[in-house]
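Each residue takes its place number in the sequence, starting with 1. Counting starts at 1 for both ligands and their atoms, following the listed order.
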Amino acid sequence: MCGIVGYVGNGSAREIIIDGLKKLEYRGYDSSGIAFGTGNNLEIRKCVGRISNLETLLSKENLDSHIGIGHTRWATHGAPSDANAHPHSNMDESIAIVHNGIIENYVELKEMLINEHGVVFKSETDTEVIAHLLGVLYDGDLEEAVWKAVEMMRGAYALVAIHKDEPDKMIAVRKDAPLIAGLGKGCNFVASDIPALLKYVREIYLIENNELIVVTADDVKIYNAERKPVTREVFHVTWDVDAAEKGGYDHFMLKEIHEQPKGLEDTLVRRLNDNGEIVLEGITMTKEDIENFNKVYIVACGTAYHAGLVGKAAIEKMARIPVEVEVASEFRYRDPFVDDKTLFIAISQSGETLDTLAALREAKSKGARVLSVVNVVGSSVARESDDVFYTWAGPEIAVASTKAYTTQLMCMYMIGLYMGLTKGTITREFYDSYIEELKAIPGKLAKVLENEGAIENLAKELYRREHVFFIGRGPDSGVSLEGSLKLKEISYINSFAIAAGELKHGTIALIEQGTLVIALATQDKLFEKMLSNIQEVKARGAYVIGVAKDGNKDIEKQADKTIYIPECIDEITPLLSVVPLQLLAYYIAKLRGCDIDKPKNLAKSVTVE
Ligand code: F6R
């Protein structure tokens with residue numbers, strides 16, 4: 001849950017690493033630091049707070065080098081502080097390391113280092129254990145020391161180490177945490193993710209689990225766990241540099257909200273052939289496989305879990321297979337019924353969420369067929385799945401997920417349609433008309449975005465509220481959960497979502513004069529029922545913002561204000577109705593002066609349990 005960047009070459013390590021760390025702040029941003037190799041010494045500078053604090057610290061002196069490793073942290077062991085910030089070093093400060101992940105047996109290793117080697121620790125981190133371990137294992141060869149340390153450490157990590165006496169070399173290892181190497185001219189890089197390097201290189205190696213790399217200015221050598229050299233294909237990154245930048249918007253989140261029509265179009269159209277058939281390129285699921293499944297589990301976390309709720313409805317309706325949706329952290333610890341007749345679908349934007357990855361491994365070990373819906377190409381979830389259905393959202397930088405969610409929804413509808421058509425549980429006519437509905441969504445979503453000004457005005461009216469309820473029925477109840485999560489995570493307003501029909505079983509006790517209720521009423525079949533639920537909260541004094549389809553004007557008789565979305569079939573309204581909720585959350589958070597792209601206590605990719 002941290003970002004790492006390393007550089008060796010003929011340029012300024014300081015400039016390149018600071019630049020890269022800024023692109024990785026989405027991975028954590030409570031402290032940061034750099035270690036420079038100065039030829040015969042190591043110089044470490046680190047401090048609590050954002051990368052800008054580190055820049056200020058570095059600006060006080062003229063420190064730079066041809067080699068350096070940098071880190072931006074999201075605290076796991078030990079609070080954010082200067083001492084706990086990375087890089088960490090061993091006793092004589094001859095080795096510096098940066099690390100992303102967790103060393104599970106760090107207590108045991110720490111005791112050994114203290115009792116047998118008299119090591120004195122300066123921080124509360126598990127990472128410092130690695131630095132001291134390398135210190136006691138070092139015998140003139142850093143690579144050898146890292147190999148030995150890897151044998152002694154348990155956990156999920158990516159780390160990079162440098163030694164003062166080997167001033168032209170970085171040694172890095174990947175074990176269940178992301179790591180890439182960037183290939184420059186007369187220089188090479190390591191990093192946790194591609195945006196960190198885009199300004200400098202487009203040719204990269206995706207490092208696999210349990211691989212160790214030796215990086216010098218002229219070469220990147222990759223070794224597998226058996227210490228055998230590995231040949232890796234170069235991955236050419238085609239993203240625009242701009243795609244990883246804000247592109248004129250105030251925040252990544254707003255930019256990403258506006259990228260949704262394109263993301264949805266790409267996700268759908270890139271998988272449709274000229275006959276409108278879904279082509280599962282690279283996915284090997286046959287008719288027999290689909291007929292063999294007697295159960296589907298959809299497992300994910302947070303927003304991706306909310307996409308799974310919509311997936312359940314789509315697959316059950318179209319493929320007529322029972323689907324359970326579960327948060328990954330619960331799934332993995334309860335011995336679920338999984339066998340070789342189970343299709344396990346993991347949904348993850350980052351593809352690095354540890355809970356999701358662990359649930360996937362659990363399901364796989366019990367024989368399930370694993371299909372993942374992932375945004376980050378080459379991520380761990382993608383690599384460990386039997387088949388991958390990529391979302392085409394492009395890089396999502398804002399911590400609050402928006403375009404990943406809607407593209408995940410699109411994938412879920414497509415998976416349902418594909419399974420249903422292949423299995424024969426839906427007709428070709430039904431399939432064709434559904435695809436036409438989906439094709440119209442990007443245009444309709446652009447219309448929703450044209451309403452941005454009205455939603456900004458609504459935010460001006462509502463931003464001082466401290467409690468909000470989201471209610472809805474059917475697909476709207478899943479969107480309520482997502483709207484509520486968006487609002488709470490970026491504006492810190494206490495918001496709560498509940499299936500509208502459940503209100504009267506307890507929660508309605510909280511509704512009083514002026515309580516804000518956002519009521520999603522986009523389902524034609526359930527519209528009357530929702531009007532009754534709105535009436536119930538109105539009768540207790542609630543102030544209600546309704547969300548309804550164009551033309552369903554009756555809602556105005558009940559709701560105080562209404563946001564309309566374009567007409568579409570009931571099942572796919574989440575693709576449209578979530579967008580005003582994203583915008584409302586965004587503008588409310590902006591008016592409250594919140595740090596929208598980097599909300600407090602959160603990080604973009606949650607690679608710890
Ligand atoms: C909320 C949000 C998180 C993620 C969750 C899973 O806006 O982004 O709830 O959805 O942490 O992350 P991924 O999709 O990367 O597995």
Colleague: Quick one: look up the protein heavy atom nearest atom 5 (C) of ligand 1 and list residue, atom name and how far away it is.
Modeller: Cys301 O, 3.5 Å
Colleague: Who's the nearest protein heavy-atom neighbour of atom 14 (O) of ligand 1, and how far?
Modeller: Gln349 N, 2.6 Å
Colleague: So if I count the atoms of ligand 1 from 1 in the order they appear, which ones are less than 4.0 Å from some heavy atom of Ala400?
Modeller: 7 (O)
Colleague: Taking C-beta and beyond as the side chain, do Ser385 and Leu371 meet within less than 4.5 Å on heavy atoms?
Modeller: no
Colleague: When the ring planes of His251 and Tyr586 are compared, do they come out parallel, tilted or perpendicular, using 30° and 60° as the limits?
Modeller: perpendicular
Colleague: Students should be able to answer this: which protein heavy-atom is nearest to atom 11 (O) of ligand 1, and at what distance?
Modeller: Val606 CG2, 4.1 Å
Colleague: Does some non-hydrogen atom of Val399 fall short of 4.0 Å from ligand 1?
Modeller: yes
Colleague: Under the ring pair (Phe, Tyr, Trp, His ring centres under 6.0 Å) rule, collect the residues that match up with Phe389, sequence neighbours excluded.
Modeller: none
Colleague: Identify the two heavy atoms, one from Thr267 and one from Trp392, that lie closest to each other, and give their separation to 0.1 Å.
Modeller: OG1-N, 3.0 Å
Colleague: Hey, which atoms in ligand 1 end up nearer than 4.0 Å to a heavy atom of Ala304?
Modeller: 10 (O), 14 (O)
Colleague: Tell me which protein heavy atom sits closest to atom 3 (C) of ligand 1, plus the residue, atom name and distance to 0.1 Å.
Modeller: Thr303 N, 4.0 Å
Colleague: For Tyr492, is the NZ or CZ atom of Lys600 found under 6.0 angstrom from the centre of its six-membered ring and inside 45 degrees of the ring axis?
Modeller: yes
Colleague: Pull out every atom of ligand 1 sitting under 4.0 Å from any heavy atom of Glu489, numbered as shown with elements.
Modeller: 1 (C), 7 (O)
Colleague: Identify, for atom 15 (O) of ligand 1, the protein heavy atom at the shortest distance, and state residue, atom and that distance.
Modeller: Ser350 OG, 2.6 Å
Colleague: So, are Glu384 and Arg361 salt-bridged, with charged N and O less than 4.0 Å apart?
Modeller: yes
Colleague: Starting from atom 13 (P) of ligand 1, find the nearest protein heavy-atom neighbour and note its residue, name and distance.
Modeller: Thr353 OG1, 3.2 Å
Colleague: Check whether any N or O atom of Thr356, backbone or side chain, sits under 3.5 Å from an N or O atom of ligand 1, and answer yes or no.
Modeller: no
Colleague: If only side-chain N and O atoms count, and only distance matters, is there a donor-acceptor pair under 3.5 Å linking Arg465 with Ser495?
Modeller: no
Colleague: With distance as the sole criterion, is a donor-acceptor pair present between the side chains of Thr402 and Gln260 under 3.5 Å?
Modeller: no
Colleague: Ligand 1 versus Glu352, non-hydrogen atoms closer than 4.0 Å: side chain, backbone, both, neither?
Modeller: neither
Colleague: Are side-chain N/O atoms of Glu452 and Tyr587 paired as donor and acceptor at under 3.5 Å?
Modeller: yes
Colleague: Taking only heavy atoms of Ser348, which atoms of ligand 1 are found under 4.0 Å from at least one of them?
Modeller: 13 (P), 14 (O), 15 (O), 16 (O)
Colleague: Against heavy atoms of Lys486, which atoms of ligand 1 measure under 4.0 Å?
Modeller: 1 (C), 7 (O)
